[in-house]
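Contents: one structure, followed by commentary.
All ligand and atom numbering here is 1-based and tracks the order in the structure. Scope of the values below: all heavy atoms of this structure, side chains included, with no hydrogens, waters or symmetry mates. In this text the structure is predicted, and so the values were computed from the model without any measurement.
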Amino acid sequence: MKVLILGSGGREHALAWAIARSPRVTEIVCAPGNGGMAQNSRCVPIDLKDLSAMVRLAEAEQPDFTVVGPELPLSLGIVDALRERGRRVFGPTRAAAMLESSKGFAKQFLERHHIPTPNYAVCSNAAEVAKAIDIFHPPIVVKADGLFAGKGVIICSSRNTAAEAAQGLFSGALLGEAAEQIVIEEFLEGDEISFLCLSDGKHVTPLVPAQDHKRIGEGDTGPNTGGMGVYSTDALLDPAMSEWILRHIAEPTVQGMAEEGTPFTGVLYCGLMMTARGPQVLEFNARFGDPETQAILVRLESDLVDALEACVDGCLAETPLGWSRGASACVVASSGGYPGSYKTGLPITGLAAAAQVSGVQVFHAGTALKNGQTLTAGGRVLGVTAAADSLTEALARAYQAMAEVHFEGMYYRRDIGYRAREKKS
Ligand code: AMP
């Protein structure tokens, strides 16, 4: 079986690693891939913004199965385009991916289906914003509608700053691109949980839960990033809470999408805030998270290809997933200066020694393989990931492996998983 993986990040390297473990898979092609994926698979260049180029690639490669990693190709309709050509592809259609690509759509959908989410108003101009913010008590959350890689969310300490932020989003001054709609939202306090599920459009199967660290600085300080680390343990959610989230959030979402004529197949990633009044949906993603996927897949004992195919074939209910008990952690090494500007093309050393540490997988993100040498090629460079019986052990292994790796300006947080460790003590 030949599998085509679209994407180039740590998530896609983890997917390629898990897919390669399936005995049915004989060939993996990554487009465009990265320096880590290039070591075990053929990588072909592709522009993930160019729908017709991706379709041409799939027609030329003739994979038996295609897995779409990032949100952009999904929001462009890659799944619709490949399905129309009779290709088997894992991921939601363009209409179903709107749960991620439009925050306004997602909020109104949640309201229609009585799924818990913070109070909100969708606004298209400054006058609507002025009216909406009067009824919210600061802090007020202002979100741009659309895909802004986590950068379109601003937490404002006063109504004035909320109005200014909204204006900055409408004008394009804040994100470099004008937002047509924005969402004003009630600020919630609590622990955040990433609750990812697979769905075949009817059935929902949760993956193990994870908690990520989005800020660059230790103690969750400084600017937001794509994610500096994540961990997964059974203790993150007790079985009753997990069941509640499944019954009151994930399943009604999949059922609601089916009722509305846009069935959701793929990964439904529920970004939840665990509040005093129960779990609330902060956002949906329509794909695997990055770096959640790295920490989740090292705990998966079943065949990932069987599970992804079951989503496409509508038989997920008959395809249970097996997980290792215990924990996993992924620590991200980033380029100095990230999430601001940073250098690329710097040689990375110690990767082989890091991979020798028991239970460790070094997933590449922003790397490139040039003349046999691995070079930095992005902001988030590596996700050093480890599974073990306990979180303490998983973190010890990940940090032991990280200590072997070096590149100029390398930065990583040394406190991944600190909230879980604080709770235990
Ligand atoms: P989102 O892309 O909507 O998940 O927002 C990105 C991050 O902003 C979340 O992971 C939260 O840390 C924070 N955030 C978003 N919405 C809220 C909210 N209503 N209350 C508190 N924090 C929020």
Side-chain angles (χ1 to χ4, degrees), residues 70-72 74-75 97-111 115-123 129 132-133 135-159 161-162 165-166 169 174-175 177 179 181-196 209-217 219-231 236 245 249 253 267-292 332 339 413 416 418-419:
E71 57 275 29
L72 185 61
L74 296 171
S75 71
M98 277 183 67
L99 281 180
E100 172 168 8
S101 61
S102 168
K103 286 191 189 289
F105 170 82
K107 294 297 288 189
Q108 284 158 348
F109 172 89
L110 287 160
E111 188 176 14
I115 299 167
T117 191
N119 287 324
Y120 74 100
V122 178
C123 305
V129 170
I133 54 181
I135 57 161
F136 287 93
H137 192 278
I140 297 173
V141 185
V142 179
K143 297 184 176 182
D145 203 356
L147 295 177
F148 292 103
K151 293 188 203 97
V153 177
I154 306 147
I155 303 198
C156 306
S157 55
S158 70
R159 293 199 175 93
T161 50
L169 293 176
L174 280 182
L175 296 172
E177 196 186 321
Q181 276 200 139
I182 64 161
V183 173
I184 305 279
E185 199 173 77
E186 168 195 13
F187 177 81
L188 295 181
E189 267 174 294
D191 275 344
E192 282 184 59
I193 294 279
S194 304
F195 190 86
L196 282 74
Q211 188 168 58
D212 74 345
H213 298 265
K214 285 204 176 72
R215 305 292 196 94
I216 188 78
D220 294 318
T221 53
N224 259 334
T225 69
M228 293 304 294
V230 65
Y231 69 97
L236 259 178
I245 295 169
I249 293 176
T253 300
V267 175
L268 179 70
Y269 169 138
C270 309
L272 305 176
M273 187 72 93
M274 310 301 283
T275 75
R277 59 190 159 105
Q280 305 269 322
V281 178
L282 289 188
E283 64 161 345
F284 285 124
N285 292 324
R287 35 86 196 172
F288 282 106
D290 188 343
E292 287 86 347
V332 170
R413 278 180 59 168
I416 300 305
Y418 78 91
R419 285 195 225 102

Check ligand 1 against [X] and write out every atom of the ligand that is under 4.0 Å from a heavy-atom position of the residue.
X	result
Lys103	1 (P), 2 (O), 3 (O)
Lys214	10 (O)
Ile155	22 (N)

When you measure from the side chain of Arg287 to the backbone of Pro70, do you find a donor-acceptor pair of N or O atoms at a distance under 3.5 Å?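 Side chain of Arg287 to backbone of Pro70, a donor-acceptor pair under 3.5 Å: no, none is there.
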
Donor-acceptor contact present, side-chain Glu192 to main-chain Gln211, <3.5 Å: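 Checking the backbone N and O of Gln211 against the side chain of Glu192, no donor-acceptor pair under 3.5 Å is found.
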
Taking heavy atoms and a distance under 4.0 Å, where does Leu282 meet ligand 1: side chain, backbone, both or neither?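 Contact part for Leu282 vs ligand 1: both backbone and side chain.
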
Please verify the inter-ring angle class for Phe284 with Phe109; under 30° counts as parallel, over 60° as perpendicular, anything in between as tilted.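 The arrangement is perpendicular - the two ring planes meet at more than 60°.
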
May I ask whether [X] places a heavy atom under 4.0 Å from ligand 1?
X	result
Gln280	no
Glu189	no
Asn224	no

For Glu111 and Tyr120, which I'm curious about, is there any donor-acceptor pair between the side chains at under 3.5 Å?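 Present: a donor and an acceptor within the cut-off.
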
Quick one: does Ile245's side chain get under 4.5 Å of Cys270's, heavy atoms only?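 A side-chain contact is absent here, since even the closest heavy-atom pair is not under 4.5 Å.
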
Going by heavy atoms in the side chains, are Met274 and Leu236 under 4.5 Å from each other?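 No, every pair of side-chain atoms sits at 4.5 Å or beyond.
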
Answer yes or no: does an N/O atom from Val153 fall short of 3.5 Å to an N/O atom of ligand 1?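 Such a contact does not occur with ligand 1.
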
